[in-house]
Amino acid sequence: MTILADLRSRTRGWHRPSALAAATLAVTAVLCVAALLLDQRTLAGAPIWAKPFKFAVSGALYFATWSWLVSLLPRFRRTASWLTNLLVLIFAAEYVLLVFQAARGRASHFNIATPQDAAIYSVMGKMIMGLWGATLVLTLLVLFTKVEDRASYWAVRAGAVLSLAGISLGILMTNPSAQQLAQWQTGGHPDMVGAHTVGIADGGPGLPILGWSTVAGDLRIPHFVGMHALQALPLLAIGLAALASRFPRLRDDAVRARLVLVGAAGYAGLTALVTWQALRAQSIVHPDATTLGAAALLVAAAGLGSFAAVRVR
(Lines give C-alpha, C1' and ligand atoms only; values in the text may rest on other atoms or scores of the structure.)
Protein backbone atom coordinates (compact mmCIF):
# COMPACT_ATOMS: atom_id res chain seq x y z
CA MET A 1 0.00 0.00 0.00
CA THR A 2 2.89 2.36 0.72
CA ILE A 3 4.23 1.96 -2.81
CA LEU A 4 0.80 2.61 -4.31
CA ALA A 5 0.31 5.67 -2.10
CA ASP A 6 3.72 7.02 -3.11
CA LEU A 7 2.89 6.44 -6.78
CA ARG A 8 -0.43 8.27 -6.42
CA SER A 9 1.26 11.22 -4.72
CA ARG A 10 3.90 11.48 -7.44
CA THR A 11 1.39 11.28 -10.29
CA ARG A 12 -1.47 13.32 -8.78
CA GLY A 13 -0.77 16.29 -11.07
CA TRP A 14 -0.32 14.23 -14.22
CA HIS A 15 -2.77 14.43 -17.11
CA ARG A 16 -5.37 11.83 -16.16
CA PRO A 17 -6.86 10.74 -19.52
CA SER A 18 -3.43 9.96 -20.98
CA ALA A 19 -2.36 8.22 -17.76
CA LEU A 20 -5.51 6.10 -17.98
CA ALA A 21 -4.76 5.41 -21.65
CA ALA A 22 -1.24 4.27 -20.72
CA ALA A 23 -2.60 1.92 -18.05
CA THR A 24 -5.26 0.56 -20.41
CA LEU A 25 -2.69 -0.09 -23.12
CA ALA A 26 -0.42 -1.85 -20.62
CA VAL A 27 -3.29 -4.23 -19.79
CA THR A 28 -4.02 -4.58 -23.51
CA ALA A 29 -0.41 -5.60 -24.12
CA VAL A 30 -0.84 -8.44 -21.61
CA LEU A 31 -4.04 -9.52 -23.39
CA CYS A 32 -2.12 -9.48 -26.69
CA VAL A 33 0.44 -11.86 -25.20
CA ALA A 34 -2.42 -14.22 -24.32
CA ALA A 35 -3.76 -13.84 -27.88
CA LEU A 36 -0.32 -14.68 -29.27
CA LEU A 37 -0.34 -17.92 -27.28
CA LEU A 38 -3.91 -18.89 -28.13
CA ASP A 39 -4.13 -17.77 -31.76
CA GLN A 40 -1.36 -19.23 -33.90
CA ARG A 41 -2.34 -17.50 -37.15
CA THR A 42 0.33 -15.56 -39.02
CA LEU A 43 0.30 -12.73 -41.54
CA ALA A 44 3.24 -12.18 -43.88
CA GLY A 45 5.24 -14.58 -41.75
CA ALA A 46 4.58 -12.80 -38.43
CA PRO A 47 2.03 -13.66 -35.69
CA ILE A 48 -1.12 -11.61 -36.32
CA TRP A 49 -1.21 -10.33 -32.73
CA ALA A 50 2.42 -9.16 -32.72
CA LYS A 51 1.58 -5.75 -34.21
CA PRO A 52 -1.25 -5.01 -31.70
CA PHE A 53 1.17 -6.01 -28.92
CA LYS A 54 3.91 -3.68 -30.17
CA PHE A 55 1.50 -0.80 -30.64
CA ALA A 56 0.08 -1.32 -27.14
CA VAL A 57 3.53 -1.24 -25.51
CA SER A 58 4.67 1.75 -27.55
CA GLY A 59 1.41 3.59 -26.88
CA ALA A 60 1.62 2.93 -23.16
CA LEU A 61 5.10 4.46 -23.01
CA TYR A 62 4.05 7.37 -25.24
CA PHE A 63 1.00 8.35 -23.16
CA ALA A 64 2.69 7.82 -19.80
CA THR A 65 5.42 10.23 -20.87
CA TRP A 66 3.02 12.87 -22.20
CA SER A 67 0.91 12.59 -19.06
CA TRP A 68 4.01 13.59 -17.10
CA LEU A 69 5.16 16.27 -19.55
CA VAL A 70 1.79 18.05 -19.56
CA SER A 71 2.04 18.34 -15.76
CA LEU A 72 5.31 20.29 -16.17
CA LEU A 73 3.83 23.07 -18.31
CA PRO A 74 3.66 26.38 -16.43
CA ARG A 75 1.44 27.89 -19.16
CA PHE A 76 -0.91 26.65 -21.86
CA ARG A 77 -1.75 23.62 -19.73
CA ARG A 78 -5.40 23.72 -20.77
CA THR A 79 -4.42 23.75 -24.45
CA ALA A 80 -1.93 20.93 -23.87
CA SER A 81 -4.56 18.95 -21.96
CA TRP A 82 -7.03 19.33 -24.83
CA LEU A 83 -4.42 18.27 -27.39
CA THR A 84 -3.42 15.26 -25.30
CA ASN A 85 -7.08 14.26 -25.04
CA LEU A 86 -7.18 14.45 -28.84
CA LEU A 87 -4.10 12.21 -29.04
CA VAL A 88 -5.80 9.64 -26.83
CA LEU A 89 -8.95 9.63 -28.99
CA ILE A 90 -7.02 9.39 -32.26
CA PHE A 91 -4.79 6.59 -31.02
CA ALA A 92 -7.74 4.69 -29.54
CA ALA A 93 -9.63 4.85 -32.86
CA GLU A 94 -6.55 3.80 -34.82
CA TYR A 95 -5.89 0.93 -32.42
CA VAL A 96 -9.46 -0.35 -32.75
CA LEU A 97 -9.03 -0.48 -36.54
CA LEU A 98 -5.66 -2.20 -36.16
CA VAL A 99 -7.15 -4.89 -33.89
CA PHE A 100 -10.15 -5.26 -36.20
CA GLN A 101 -7.86 -5.99 -39.12
CA ALA A 102 -5.72 -8.36 -37.04
CA ALA A 103 -8.80 -10.33 -35.97
CA ARG A 104 -9.75 -10.65 -39.66
CA GLY A 105 -6.24 -11.80 -40.53
CA ARG A 106 -5.73 -8.73 -42.72
CA ALA A 107 -2.87 -6.22 -42.87
CA SER A 108 -3.80 -2.87 -41.36
CA HIS A 109 -1.08 -0.76 -42.98
CA PHE A 110 -0.44 -0.29 -46.72
CA ASN A 111 -3.32 -2.66 -47.54
CA ILE A 112 -5.50 -1.66 -50.51
CA ALA A 113 -6.42 -5.17 -51.65
CA THR A 114 -10.17 -4.59 -51.23
CA PRO A 115 -12.30 -1.44 -50.98
CA GLN A 116 -12.79 -2.07 -47.25
CA ASP A 117 -9.07 -2.53 -46.65
CA ALA A 118 -8.29 0.60 -48.67
CA ALA A 119 -10.88 2.63 -46.73
CA ILE A 120 -9.46 1.49 -43.38
CA TYR A 121 -5.90 2.30 -44.45
CA SER A 122 -6.99 5.72 -45.71
CA VAL A 123 -8.74 6.53 -42.43
CA MET A 124 -5.71 5.36 -40.43
CA GLY A 125 -3.45 7.54 -42.58
CA LYS A 126 -5.56 10.61 -41.79
CA MET A 127 -5.52 9.70 -38.10
CA ILE A 128 -1.73 9.49 -38.12
CA MET A 129 -1.53 12.94 -39.71
CA GLY A 130 -3.80 14.28 -36.96
CA LEU A 131 -1.66 12.60 -34.31
CA TRP A 132 1.49 14.09 -35.84
CA GLY A 133 -0.03 17.58 -35.91
CA ALA A 134 -1.13 17.41 -32.27
CA THR A 135 2.29 16.08 -31.27
CA LEU A 136 3.97 18.95 -33.14
CA VAL A 137 1.99 21.56 -31.19
CA LEU A 138 2.65 19.76 -27.90
CA THR A 139 6.36 19.64 -28.72
CA LEU A 140 6.37 23.39 -29.32
CA LEU A 141 4.66 23.91 -25.95
CA VAL A 142 7.25 21.70 -24.25
CA LEU A 143 10.03 23.90 -25.66
CA PHE A 144 8.70 26.69 -23.43
CA THR A 145 8.51 24.50 -20.34
CA LYS A 146 10.61 25.65 -17.40
CA VAL A 147 12.33 22.83 -15.53
CA GLU A 148 14.61 23.76 -12.64
CA ASP A 149 17.08 20.92 -13.15
CA ARG A 150 19.13 21.79 -16.25
CA ALA A 151 19.70 18.17 -17.23
CA SER A 152 15.95 17.49 -17.21
CA TYR A 153 15.40 20.80 -19.01
CA TRP A 154 17.45 19.65 -21.99
CA ALA A 155 16.33 16.01 -21.80
CA VAL A 156 12.68 17.00 -22.13
CA ARG A 157 13.29 19.36 -25.04
CA ALA A 158 15.66 17.16 -27.00
CA GLY A 159 13.53 14.08 -26.34
CA ALA A 160 10.36 15.78 -27.61
CA VAL A 161 12.05 17.08 -30.78
CA LEU A 162 13.75 13.77 -31.61
CA SER A 163 10.54 11.88 -30.91
CA LEU A 164 8.66 14.05 -33.39
CA ALA A 165 11.42 13.43 -35.94
CA GLY A 166 11.11 9.69 -35.31
CA ILE A 167 7.36 9.79 -35.87
CA SER A 168 7.98 11.74 -39.09
CA LEU A 169 10.33 9.02 -40.36
CA GLY A 170 7.29 6.76 -40.64
CA ILE A 171 6.44 8.52 -43.91
CA LEU A 172 9.37 6.70 -45.54
CA MET A 173 7.35 3.48 -45.28
CA THR A 174 4.44 4.87 -47.31
CA ASN A 175 6.44 5.18 -50.54
CA PRO A 176 5.58 2.47 -53.12
CA SER A 177 8.28 -0.13 -53.63
CA ALA A 178 9.87 -0.71 -57.03
CA GLN A 179 7.82 -3.90 -57.43
CA GLN A 180 4.57 -2.08 -56.63
CA LEU A 181 5.40 0.70 -59.10
CA ALA A 182 6.18 -1.90 -61.77
CA GLN A 183 2.76 -3.49 -61.21
CA TRP A 184 1.07 -0.13 -61.76
CA GLN A 185 3.10 0.58 -64.88
CA THR A 186 2.01 -2.72 -66.42
CA GLY A 187 -1.65 -2.05 -65.66
CA GLY A 188 -1.83 -4.17 -62.52
CA HIS A 189 -3.25 -3.31 -59.12
CA PRO A 190 -0.93 -4.12 -56.19
CA ASP A 191 -2.55 -5.28 -52.97
CA MET A 192 -0.13 -3.19 -50.92
CA VAL A 193 1.25 0.33 -51.36
CA GLY A 194 4.27 0.98 -49.17
CA ALA A 195 6.47 -1.40 -47.19
CA HIS A 196 8.47 -1.81 -44.02
CA THR A 197 11.45 -3.45 -45.64
CA VAL A 198 13.88 -2.13 -48.24
CA GLY A 199 15.34 -4.50 -50.78
CA ILE A 200 12.76 -7.30 -50.53
CA ALA A 201 9.01 -7.63 -50.14
CA ASP A 202 7.60 -7.54 -46.61
CA GLY A 203 7.22 -10.86 -44.88
CA GLY A 204 10.74 -12.29 -44.83
CA PRO A 205 12.61 -13.57 -41.75
CA GLY A 206 12.55 -11.17 -38.80
CA LEU A 207 13.52 -10.75 -35.18
CA PRO A 208 11.14 -12.37 -32.67
CA ILE A 209 8.18 -10.14 -31.65
CA LEU A 210 9.81 -7.01 -33.11
CA GLY A 211 9.61 -8.48 -36.59
CA TRP A 212 12.50 -6.36 -37.88
CA SER A 213 13.95 -7.93 -40.99
CA THR A 214 17.09 -10.01 -40.57
CA VAL A 215 17.81 -10.13 -44.31
CA ALA A 216 17.08 -6.58 -45.54
CA GLY A 217 16.73 -2.96 -44.44
CA ASP A 218 13.77 -2.20 -42.18
CA LEU A 219 12.33 1.32 -41.87
CA ARG A 220 10.49 0.46 -38.65
CA ILE A 221 13.80 0.61 -36.80
CA PRO A 222 14.56 4.36 -37.22
CA HIS A 223 10.85 5.08 -36.64
CA PHE A 224 11.00 3.17 -33.35
CA VAL A 225 14.39 4.49 -32.21
CA GLY A 226 13.57 8.13 -32.91
CA MET A 227 10.07 8.01 -31.45
CA HIS A 228 11.26 6.68 -28.10
CA ALA A 229 13.81 9.43 -27.52
CA LEU A 230 10.92 10.91 -25.54
CA GLN A 231 11.52 8.22 -22.92
CA ALA A 232 15.24 7.55 -23.34
CA LEU A 233 16.58 11.05 -22.71
CA PRO A 234 14.48 11.87 -19.61
CA LEU A 235 15.49 8.45 -18.25
CA LEU A 236 19.13 9.41 -18.87
CA ALA A 237 18.62 12.58 -16.83
CA ILE A 238 16.93 10.60 -14.04
CA GLY A 239 19.73 8.04 -14.07
CA LEU A 240 22.43 10.70 -13.82
CA ALA A 241 20.60 12.30 -10.89
CA ALA A 242 20.40 8.92 -9.16
CA LEU A 243 24.14 8.36 -9.64
CA ALA A 244 24.98 11.76 -8.17
CA SER A 245 24.98 10.31 -4.64
CA ARG A 246 27.84 7.96 -5.61
CA PHE A 247 29.77 10.21 -7.99
CA PRO A 248 30.34 13.73 -6.60
CA ARG A 249 31.07 15.21 -10.04
CA LEU A 250 27.49 14.48 -11.09
CA ARG A 251 26.14 16.65 -8.28
CA ASP A 252 26.86 19.63 -10.48
CA ASP A 253 23.75 20.13 -12.59
CA ALA A 254 25.85 21.75 -15.33
CA VAL A 255 27.81 18.50 -15.71
CA ARG A 256 24.62 16.47 -15.90
CA ALA A 257 23.19 18.91 -18.45
CA ARG A 258 26.29 18.59 -20.64
CA LEU A 259 26.07 14.79 -20.45
CA VAL A 260 22.40 14.91 -21.46
CA LEU A 261 23.29 17.10 -24.45
CA VAL A 262 25.99 14.63 -25.44
CA GLY A 263 23.44 11.84 -25.05
CA ALA A 264 20.94 13.73 -27.20
CA ALA A 265 23.55 14.27 -29.93
CA GLY A 266 24.49 10.59 -29.76
CA TYR A 267 20.84 9.55 -29.92
CA ALA A 268 20.28 11.76 -32.96
CA GLY A 269 23.35 10.19 -34.54
CA LEU A 270 22.03 6.70 -33.79
CA THR A 271 18.69 7.54 -35.38
CA ALA A 272 20.46 8.86 -38.48
CA LEU A 273 22.70 5.77 -38.58
CA VAL A 274 19.88 3.21 -38.49
CA THR A 275 17.91 5.26 -41.04
CA TRP A 276 20.91 5.28 -43.39
CA GLN A 277 21.44 1.56 -42.85
CA ALA A 278 17.78 0.73 -43.58
CA LEU A 279 17.71 2.85 -46.75
CA ARG A 280 20.76 0.93 -47.96
CA ALA A 281 18.70 -2.29 -47.70
CA GLN A 282 20.95 -3.60 -44.95
CA SER A 283 19.67 -5.69 -42.06
CA ILE A 284 20.20 -4.39 -38.53
CA VAL A 285 21.81 -7.74 -37.59
CA HIS A 286 24.19 -7.85 -40.58
CA PRO A 287 25.99 -4.48 -40.70
CA ASP A 288 28.78 -4.10 -43.21
CA ALA A 289 32.19 -2.56 -42.57
CA THR A 290 30.96 0.92 -43.52
CA THR A 291 28.12 0.77 -41.00
CA LEU A 292 30.37 -0.63 -38.29
CA GLY A 293 32.90 2.12 -38.96
CA ALA A 294 30.24 4.80 -38.68
CA ALA A 295 28.95 3.22 -35.47
CA ALA A 296 32.48 3.16 -34.04
CA LEU A 297 32.93 6.85 -34.85
CA LEU A 298 29.60 7.64 -33.19
CA VAL A 299 30.55 5.73 -30.03
CA ALA A 300 33.99 7.39 -29.94
CA ALA A 301 32.45 10.85 -30.35
CA ALA A 302 29.94 10.16 -27.58
CA GLY A 303 32.70 8.84 -25.34
CA LEU A 304 34.97 11.84 -25.92
CA GLY A 305 32.04 14.21 -25.47
CA SER A 306 31.11 12.55 -22.18
CA PHE A 307 34.71 12.73 -20.96
CA ALA A 308 34.93 16.41 -21.83
CA ALA A 309 31.55 17.08 -20.20
CA VAL A 310 32.78 15.64 -16.91
CA ARG A 311 36.30 17.10 -17.00
CA VAL A 312 35.45 20.69 -17.94
CA ARG A 313 34.92 22.94 -14.94
Side-chain angles (χ1 to χ4, degrees), residues 17-18 21 24-25 28-29 31-32 35-36 39-60 62-63 82-137 164 166-198 200-204 206 211-213 218-220 223-224 227:
S18 53
T24 302
L25 286 167
T28 303
L31 295 176
C32 287
L36 282 166
D39 189 345
Q40 301 297 316
R41 289 180 296 164
T42 61
L43 179 65
I48 61 170
W49 295 105
K51 179 175 282 189
F53 170 76
K54 291 185 289 185
F55 269 66
V57 173
S58 185
Y62 180 78
F63 285 117
W82 183 86
L83 286 168
T84 309
N85 290 340
L86 180 63
L87 286 179
V88 171
L89 291 174
I90 292 173
F91 189 91
E94 183 186 5
Y95 193 78
V96 167
L97 291 176
L98 186 147
V99 171
F100 174 71
Q101 288 292 77
R104 295 173 63 225
R106 308 287 294 175
S108 55
H109 290 75
F110 320 128
N111 187 1
I112 60 169
T114 68
Q116 184 180 27
D117 291 328
I120 289 174
Y121 177 48
S122 176
V123 169
M124 291 180 71
K126 291 178 175 63
M127 288 177 176
I128 292 170
M129 291 303 297
L131 189 144
W132 185 89
T135 303
L136 171 63
V137 178
L164 183 66
I167 294 173
S168 302
L169 287 172
I171 199 170
L172 294 174
M173 292 182 273
T174 64
N175 295 324
S177 67
Q179 183 181 10
Q180 292 162 356
L181 288 172
Q183 283 183 271
W184 261 319
Q185 291 170 355
T186 56
H189 182 275
D191 290 340
M192 308 287 282
V193 177
H196 298 132
T197 52
V198 179
I200 64 170
D202 285 349
W212 297 342
S213 178
D218 199 313
L219 294 168
R220 288 172 293 187
H223 181 56
F224 174 89
M227 184 169 60

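These figures come from a predicted structure and were not determined experimentally. The basis for the numbers below is simple: all heavy atoms, side chains too, and nothing from hydrogens, waters or symmetry mates.
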Exceeds 12 heavy-atom contacts within 6.0 angstrom, atom CD1 of I171: no
Inter-residue atom distance K51.NZ - C32.SG, 0.5 Å rounding: 13.0 Å
I90 side, atom CD1; M129 side, atom CE - distance, nearest 0.5 Å: 11.0 Å
Closest heavy-atom pair and its distance - S18, V88: CA-CG2, 3.9 Å
Nearest heavy atoms of A134 and L87, plus distance in Å: CB-CD2, 3.6 Å
Any donor-acceptor pair under 3.5 Å from R220 side chain to G211 backbone: yes
Minimum heavy-atom distance F53-A29, with the two atoms named: CD1-O, 3.4 Å
Ring geometry between F224 and W212 (parallel below 30°, tilted from 30 to 60°, perpendicular above 60°): perpendicular
Sequence-distant partners of H196, ring pair (Phe, Tyr, Trp, His ring centres under 6.0 Å), two or more places apart: F110
Student check: side-chain heavy atoms of M192 and I112 closer than 4.5 Å: no
Heavy-atom check, side chain of L169 versus side chain of L219, under 4.5 Å: no
Under 3.5 Å: donor-acceptor pair, side chain of S122, backbone of A118: no
Atom pair CG/CG of L131 and L83 - distance to nearest 0.5 Å: 11.0 Å
By salt bridge (Lys or Arg N to Asp or Glu O under 4.0 Å) - contacts of D39 (at least two apart): R41
Polar side-chain atom of S58 near backbone of K54 as donor-acceptor pair, under 3.5 Å: no
side-chain contact (heavy atoms from CB on, under 4.5 Å), paired with D218, selected from V198, D202, T197: T197
Spatial distance of atom CG (N111) from atom NE2 (H109) [nearest 0.5 Å]: 11.0 Å
Close side-chain approach of L97 and Y121, heavy atoms under 4.5 Å: no
Whether Q101 side chain and A107 backbone form a donor-acceptor pair below 3.5 Å: yes
Nearest heavy atoms of G166 and H223, plus distance in Å: O-ND1, 2.9 Å
Pairing of R104 and D117 as salt bridge, 4.0 angstrom limit: yes
CA sep, side-chain torsions, deciding dist, call: I120, R106, side chain to side chain contact (heavy atoms under 4.5 Å, CB included): CA-CA 11 Å; I120 289 174; R106 308 287 294 175; over 6 Å; no
Atom of A102, atom of W49 and distance for their closest heavy-atom approach: CB-CZ3, 4.1 Å
Centroid separation F63 to F91 less than 6.0 Å: yes
Nearest non-hydrogen partners of G194 and Q180, listed with the distance: N-OE1, 2.9 Å
Flag for Y95-T24: side-chain donor and acceptor within less than 3.5 Å: no
Heavy-atom side-chain contact between P176 and W184 under 4.5 Å: yes
L25 vs Y62 side-chain heavy atoms within contact, under 4.5 Å: no
